[in-house]
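None of the values given here were measured: they were computed from a predicted structure. Chain naming here is simple, since letters A, B, ... match the order of the sequence lines and numbering starts at 1 in each. In what follows, every heavy atom counts, from backbone to side chain, and hydrogens, waters and symmetry copies are set aside.
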There are 2 protein chains.
Amino acid sequence: MSREIRRTMPLLSMSIVMQLTELSARQIRYYEEHHLIEPHRTEGNRRMFSLNDVDILLEIKDYLEQGMNMAKIKKIFAKKSDPVAAEEPDLTDTELRRIMREEMRQAQRMQKSSIRRGDLSRFY
Amino acid sequence: MSREIRRTMPLLSMSIVMQLTELSARQIRYYEEHHLIEPHRTEGNRRMFSLNDVDILLEIKDYLEQGMNMAKIKKIFAKKSDPVAAEEPDLTDTELRRIMREEMRQAQRMQKSSIRRGDLSRFY
DNA sequence: TAAAGATGTTAGGTTTCCTAACATGGTTTT
DNA sequence: AAAACCATGTTAGGAAACCTAACATCTTTA
């Protein structure tokens, strides 16, 4: 049957994606600006999202809540879709510096959290 | 996770249901009038359909293409959702007569088609 | 020929979405 | 500390999609 629902079919309007993800329209459009999603467009230029888009948005939301910034998140997705080309990123200087900063922050966070998780406090 | 997509979640706007089913908006609204579907409404009164609604619409379309009329189709769905109460239908006389007519026509069709399938023509 | 059924079409109004711009409150950078 | 940047909010003006209600049309039935 061709009546199957594919993850990439553009089925969903802005409003329901907002509901499903609990993101604002502004946020969703902003992430599109950064090419993290590329929703389909109707003839009348309205965005139509796929279930896949929703998944990506939820992932983005998760990263943001963990304190990552756009630059870092972009890098993650770039690595996912093409782990090789991700070695030599074509990012602006500013973005690069941001990423490195974020990288360090993440490292710190990992330390802290793993201490909590593993309860290594006895070593201090 | 509550991130699961349920068949009954009202996710789909009119336009994409039109695409998925190849029915006109007029038709879809008409079938709603006859209570074959009951799409959810947004705060702004726009219909939102579930995947389940789409299935039902496709089923309706199928029946229509087989030559059934609304009255018959309604009866089929009534029987499905409540096979017992379907015994004593509270339909208008007109609808009832329509159904009986349709019933006979279906009987004829069944005969014809089963003849073709089983190739009983040798008995004639 | 008139009634009923199923769908098309049109009109006028409302909701949802669009882009573009400016506003804002944190962070960085200088 | 001032300037720049990031991520998001907000607003304005316009267009697309949708709504209901009514009338039109074509088939089938009475």
When the distance from [atom1] of [X] to [atom2] of [N] is rounded to whole Å, what number comes out?
X     : N      : atom1 : atom2 : result
B/I28 : C/dG8  : CD1   : P     : 11 Å
A/L64 : C/dG26 : CG    : P     : 17 Å
B/Y31 : C/dT7  : OH    : C1'   : 8 Å
B/Q27 : C/dG5  : CD    : P     : 17 Å
A/L57 : D/dT8  : CG    : P     : 12 Å
A/Y30 : D/dG9  : OH    : P     : 12 Å
B/L36 : C/dA6  : CG    : C1'   : 13 Å
B/I60 : C/dA6  : CD1   : P     : 12 Å

> What is the per-nucleotide protein-contact pattern of nucleotides 12-21 of chain C, from the 5' end, where B denotes a base atom under 4.0 Å from a protein heavy atom, S denotes such proximity for sugar-phosphate atoms only, and - denotes neither?
Replying inline: ---BBBSB-B
> Would you find a donor on one side and an acceptor on the other, under 3.5 Å apart, between the side chain of A/K61 and the backbone of A/L23?
Replying inline: no
>> Checking B/R46 against B/M14 for the side-chain contact (heavy atoms from CB on, under 4.5 Å) test, could you report, in this order, the C-alpha distance in whole Å, the side-chain angles of both residues, the deciding distance, and whether it holds?
In response: CA-CA 8 Å; B/R46 292 179 124 81; B/M14 176 58 87; over 6 Å; no
> Ion pair present between A/E33 and A/K74, side-chain N to carboxylate O less than 4.0 angstrom?
Replying inline: no
> Using 4.0 Å as the upper bound for N to carboxylate O, is an ion pair formed by B/E38 and B/R29?
Replying inline: no
>> Around atom CZ of A/R6, are there more than 12 heavy atoms from other residues, nucleotides or ligands closer than 6.0 Å?
In response: no
> To the nearest 0.5 Å, what is the distance between CD (A/Q19) and CE (B/M9)?
Replying inline: 8.0 Å
